[in-house]
2 protein chains.
Amino acid sequence: MTARREPISRERPAKPALSRRWIVDTAVRVMRSEGLGKVTMRRLAQELDTGPSSLYVYVANTAELHAAVLDSLLGEVDLTGRDGGGDWREQLRAVMTSYTQVLFEHPQLARAALVARPSGENYLRLVERILDLLSQSGAGREQVAWGVDKLLQDATATAAEQSTREHDPASGDDWNATVRALHAVDAGTHPAITAHMPALIDGSVPDRIRWSFDVLVNGITHTPVPGAGD
Amino acid sequence: MTARREPISRERPAKPALSRRWIVDTAVRVMRSEGLGKVTMRRLAQELDTGPSSLYVYVANTAELHAAVLDSLLGEVDLTGRDGGGDWREQLRAVMTSYTQVLFEHPQLARAALVARPSGENYLRLVERILDLLSQSGAGREQVAWGVDKLLQDATATAAEQSTREHDPASGDDWNATVRALHAVDAGTHPAITAHMPALIDGSVPDRIRWSFDVLVNGITHTPVPGAGD
DNA sequence: ACCTGAACACCGTTCAAGT
DNA sequence: ACCTGAACACCGTTCAAGT
């Protein structure tokens, strides 16, 4: 709506005006095609045909940019929970599964999420939905409020961990190093590890995710918060 | 006139031979004095009076180096749990609190831990101890094994998140952005957020950590794993 | 107000060559 | 076997200067 000066058309085909939205959209595109590692100020500036310093008018720093990219991706989360039944618990499970899936597709973002929490509209919509479903459990208000945090944190941390693991299994990555270390342990000095050994390493990712969800929901709904006498 | 080359002792005293141990110890020292951000291959090489490429004989990459630093720090965790009573639960709480405290003192390491899981002796000792205490709950072997993972993940993720929050509160950091966004939410479109609003943001860090521990322990001990018919 | 070039102060990793 | 110099291909952020 602003009366801008008439843009004189040059050879270069309409370089769009810089804006936060345009920067974030470009960042999402670069992320999808080349990964979050390429979403750098310099690379984006190049993509937007300007210098890196120009971006700082719209974006505080790289972490904030990554948080904005994450929020944008959060638009893909299915909030309906229609894969679940009518049960609030199964609906909540479906929403959390969808959230987890989005992060698993872009695992580097999960790491970013733990560092710079998003605060955009899609994040708020997600929190709203989880709160709504979890409060149907009948648990106290404080438990529900704190519980949402735990559910999101657990899913995010799991995706962040998996992000390393999914690298090619050929490379001596750190997860395999941990598995090897647990196997190589001495039964005399580490009897508990030895006793729990297959289980410590076993279990499919979906099984573990499903169990984690149940652990948290069971724990959240049965554990009153410190202050409130609910 | 052949100049006899004799190692005249100059100011520089006895450059010690490179070794993995020496590299990691130096990394820990740099981390303590200047933060993990300065623990880079180049900086370490400088500190060790060599070129960065030399380090690659002993360390695969930067992530592995950071994992080694973390394992070294894990030596500070109090495994006795003597702050707790005779109860396995209070002892376990004390161990987890000690672990959390160590990570809170070096929060950047918590982020590293989520990415590159450690596998050194101190990590194994910690896992052994938590397994031992948690199995005293009488829960099934699978629950205990998977539960240890959850307890460590929760504490680590919490420390990692806090690491951002603890930066100077003056700066418009992302946590404050989230708080602001939650406050600014419209009651019509986000009724659940509005209804849960003070609790969503409230609560001291120790209270939340204490509650998280109880949620997990309660959930772990009461939720059987998918396959096993315990 | 918005945008920029140029600079400052760094990075990880590889590789051919030396000892 | 171990170690290195040099190079390749990048980074984030600031700031004085321009429009």
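Here is how names work: the chains are called A, B, and so on, in the same order as the sequence lines, proteins then strands, and each is numbered from 1. Worth knowing before you read on, the calculation uses all heavy atoms, side chains too, and leaves out hydrogens, waters and symmetry mates. Please read these numbers as outputs of a predicted model, since none were measured by experiment.
- Annotation: D:dC11 and C:dA7 have their C1' atoms spaced 14 Å apart (nearest Å).
- For residues 18-35 of chain B, proximity to DNA chain C is found at no residue, defined as any non-hydrogen atom under 4.0 angstrom from a strand atom.
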Checklist entry - Which letter, B, S or -, goes with each nucleotide of nucleotides 8-19 of chain D from 5' to 3', with contact meaning a protein heavy atom under 4.0 Å? => result ---BBBBB----

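- Around the CZ atom of A:Arg208, the shell of radius 6.0 Å holds more than 12 heavy atoms that belong to other residues, nucleotides or ligands.
- Remark: A:Arg29 CZ is packed, more than 12 non-hydrogen atoms of other residues, nucleotides or ligands lying under 6.0 Å away.
- Looking only at side-chain heavy atoms (C-beta outward), B:Phe213 and B:Leu151 come within less than 4.5 Å of each other.
- Not one side-chain nitrogen or oxygen of A:Thr50 sits closer than 4.0 Å to the OP1 or OP2 atom of C:dC3.
- Side-chain polar atoms of A:Thr156 and A:Tyr99 form a donor-acceptor pair below 3.5 angstrom.
- Counting heavy atoms from C-beta on, the side chains of B:Leu73 and B:Met31 come closer than 4.5 Å.
- B:Arg117 places a side-chain heavy atom less than 4.5 Å from the side chain of B:Tyr123.
- Between the CG atom of A:Asp49 and the C1' atom of C:dC2 there is a distance of 16 Å, rounded to whole Å.
- Applying the 6.0 Å contact sphere to CZ of A:Arg210 captures no more than 12 heavy atoms from other residues, nucleotides or ligands.
- D:dA9 and C:dC8: their P atoms are spaced 23 Å apart (whole Å).
- Here the side chain of A:Arg111 pairs no donor or acceptor atom with the backbone of A:Ala160 at under 3.5 angstrom.
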Checklist entry - Between A:Asp154 and A:Lys150, is a salt bridge (charged side-chain N to carboxylate O under 4.0 Å, His left out) present by the stated rule, with each step listed? => result CA-CA 6 Å; A:Asp154 180 74; A:Lys150 284 289 113 179; over 6 Å; no

Checklist outcome for this item: With both pairing distances under 3.5 angstrom for Watson-Crick or G-U wobble, and | for a partner in another strand, the correct string for DNA chain D is ||.|||||...|||||.||

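- Within the 3.5 Å criterion, the main-chain N or O of B:Ala192 finds a donor-acceptor partner in the side chain of A:Glu128.
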